[in-house]
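Notes follow the structure.
Residue numbers count from 1 along this sequence.
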Amino acid sequence: MTEQSGIRDMLRGLRVFAGPIAEFDPAKAPQDPVGLFVEWLGEAIEAGVHEPHAMTVATADADGMPSARILILKDLTPEGWWFATTTTSVKGLELAVNPQAALLFFWGPQGRQVRLRGPVELAGPEERAADFTARPLEGRVAGFHGRQSQPLDSLESIHSTAEESRARLEAEPDLVPDNWGLYRLAPTEIEFWQADPDRRHTRLRYRREDTAAPWGRELLWP
């Protein structure tokens, strides 16, 4: 057996949707997908899903080359789903030239995914400052020096820079870096995906022409 076939067999031998997984009746879903998202998020929290507010954020550069990473959902309002990063990070730079993104929430123990796509807007200076100053100290320290994804000469540089940033923030707690970004994705498409052990998954998709249009919905084949 080759190493490649061994890995393939190992992967195929892993169980999926082992359960007990959640149930979903799309006929009872509300007309507005925000309400359904809040319901599913609450059920994930009650079920003890680890970090249920974690989501994959996928962006693309001007050439269409995609990149993805895990971020934390910062807020959910009628205007959209919010996340934060520096404007000089890879995702910040990509959003500057291609202000579209996709979000993915995966709640494995319940066999659920929620997928969103739509335009992204950068919040105004006051909202960005309020978001930054509301972060815990270590979160502000990590975001203050704004060197995400830049080449690093040694791990020690992280510690020394963090200590310098902490000292500044402790002395001036209202400091906000110029490159702090708070972003809002206003989805034009949201899909709720409920797993089935027999692979007869339930998929309910909400779509609208633009962020001011009403939602329509439809079922999708698995």
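Ser154 and Glu156 form no side-chain donor-acceptor contact under 3.5 Å, judged by distance and modelled atom types alone.
Side-chain atoms of Asp63 do not come within 3.5 Å of backbone N or O of Met65 as any donor-acceptor pair. With Arg128 contributing its side chain and Gly181 its backbone, the two residues share no donor-acceptor pair below 3.5 Å.
Separation of atoms OH (Tyr183) and CG (Asp131) is listed at 11.5 Å; rounding is to 0.5 Å. Atoms CG and CZ, from Leu169 and Arg140 in turn, are 5.5 Å apart once rounded to the nearest 0.5 Å. For the atom pair Leu185 CG and Phe83 CZ, the distance stands at 6.5 Å (nearest 0.5 Å). Atom CG of Leu204 sits about 8.0 Å away from atom CG of Leu220, to the nearest 0.5 Å. In this structure, CZ in Arg203 is found 10.5 Å from CG in Leu219, a value given to the nearest 0.5 Å. Rounded to the nearest 0.5 Å, atoms CD (Gln194) and OG1 (Thr202) are 6.5 Å apart.
Applying the side chain to side chain donor-acceptor pair (under 3.5 Å) rule to Glu164 yields no partners; only residues at least two apart in sequence or on another chain are considered. The ring-ring contact (aromatic ring centres under 6.0 Å, His included) test applied to Trp82 returns no partner, not counting sequence neighbours. With sequence neighbours excluded, the residues forming a side-chain contact (heavy atoms from CB on, under 4.5 Å) with Asp198 are Asp196, Arg200, listed by chain and number. With sequence neighbours left out, Glu127 forms a salt bridge (charged side-chain N to carboxylate O under 4.0 Å, His left out) with no residue at all. For Asn98, there are no side chain to side chain donor-acceptor pair (under 3.5 Å) partners, not counting sequence neighbours. Not counting sequence neighbours, Arg168 has no partner by the side chain to side chain donor-acceptor pair (under 3.5 Å) test. A search for side chain to side chain donor-acceptor pair (under 3.5 Å) contacts involving Ser165 returns His145, not counting sequence neighbours.
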Could you list the donor-acceptor pairs under 3.5 angstrom formed between side-chain atoms of residues 51-58 and any protein atom two or more places apart in sequence or on another chain?
none

Pair up each side-chain donor or acceptor in residues 88-97 with any protein partner under 3.5 Å, not counting sequence neighbours, and list the distances.
unit_1: Thr88; atom_1: OG1; unit_2: Asn179; atom_2: ND2; d: 2.8
unit_1: Ser89; atom_1: OG; unit_2: Thr85; atom_2: OG1; d: 3.1
unit_1: Ser89; atom_1: OG; unit_2: Thr86; atom_2: O; d: 2.8
unit_1: Ser89; atom_1: OG; unit_2: Gly92; atom_2: N; d: 3.1
unit_1: Lys91; atom_1: NZ; unit_2: Thr85; atom_2: OG1; d: 3.3
unit_1: Lys91; atom_1: NZ; unit_2: Gln148; atom_2: OE1; d: 2.7
unit_1: Glu94; atom_1: OE1; unit_2: Thr59; atom_2: OG1; d: 2.4
unit_1: Glu94; atom_1: OE1; unit_2: Ser67; atom_2: OG; d: 2.8
unit_1: Glu94; atom_1: OE2; unit_2: Ser67; atom_2: OG; d: 3.3

Would you give me the side-chain donor-acceptor pairs under 3.5 Å for residues 19-45, sequence neighbours excluded?
unit_1: Asp25; atom_1: OD1; unit_2: Ala27; atom_2: N; d: 3.0
unit_1: Gln31; atom_1: NE2; unit_2: Trp215; atom_2: O; d: 3.1
unit_1: Asp32; atom_1: OD1; unit_2: Val34; atom_2: N; d: 2.9
unit_1: Glu43; atom_1: OE1; unit_2: Arg112; atom_2: NH1; d: 2.6
unit_1: Glu43; atom_1: OE1; unit_2: Arg112; atom_2: NH2; d: 3.4

Side-chain donor-acceptor distances from residues 113-125 under 3.5 Å, at least two apart:
unit_1: Arg115; atom_1: NH1; unit_2: Glu191; atom_2: OE1; d: 2.7
unit_1: Arg117; atom_1: NH2; unit_2: Glu189; atom_2: OE1; d: 3.0
unit_1: Glu121; atom_1: OE1; unit_2: Arg184; atom_2: NH2; d: 2.9

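Side-chain contacts under 4.5 Å among hydrophobic residues (ILVMFWY), followed directly or transitively, place Leu155 together with Leu152, Ile158.
Between Tyr206 and Phe192, the ring planes lie perpendicular to each other; the angle is over 60°, past the 30° to 60° tilted range.
The number of heavy atoms from other shown groups lying within 6.0 Å of CE (Met10) is above 12.
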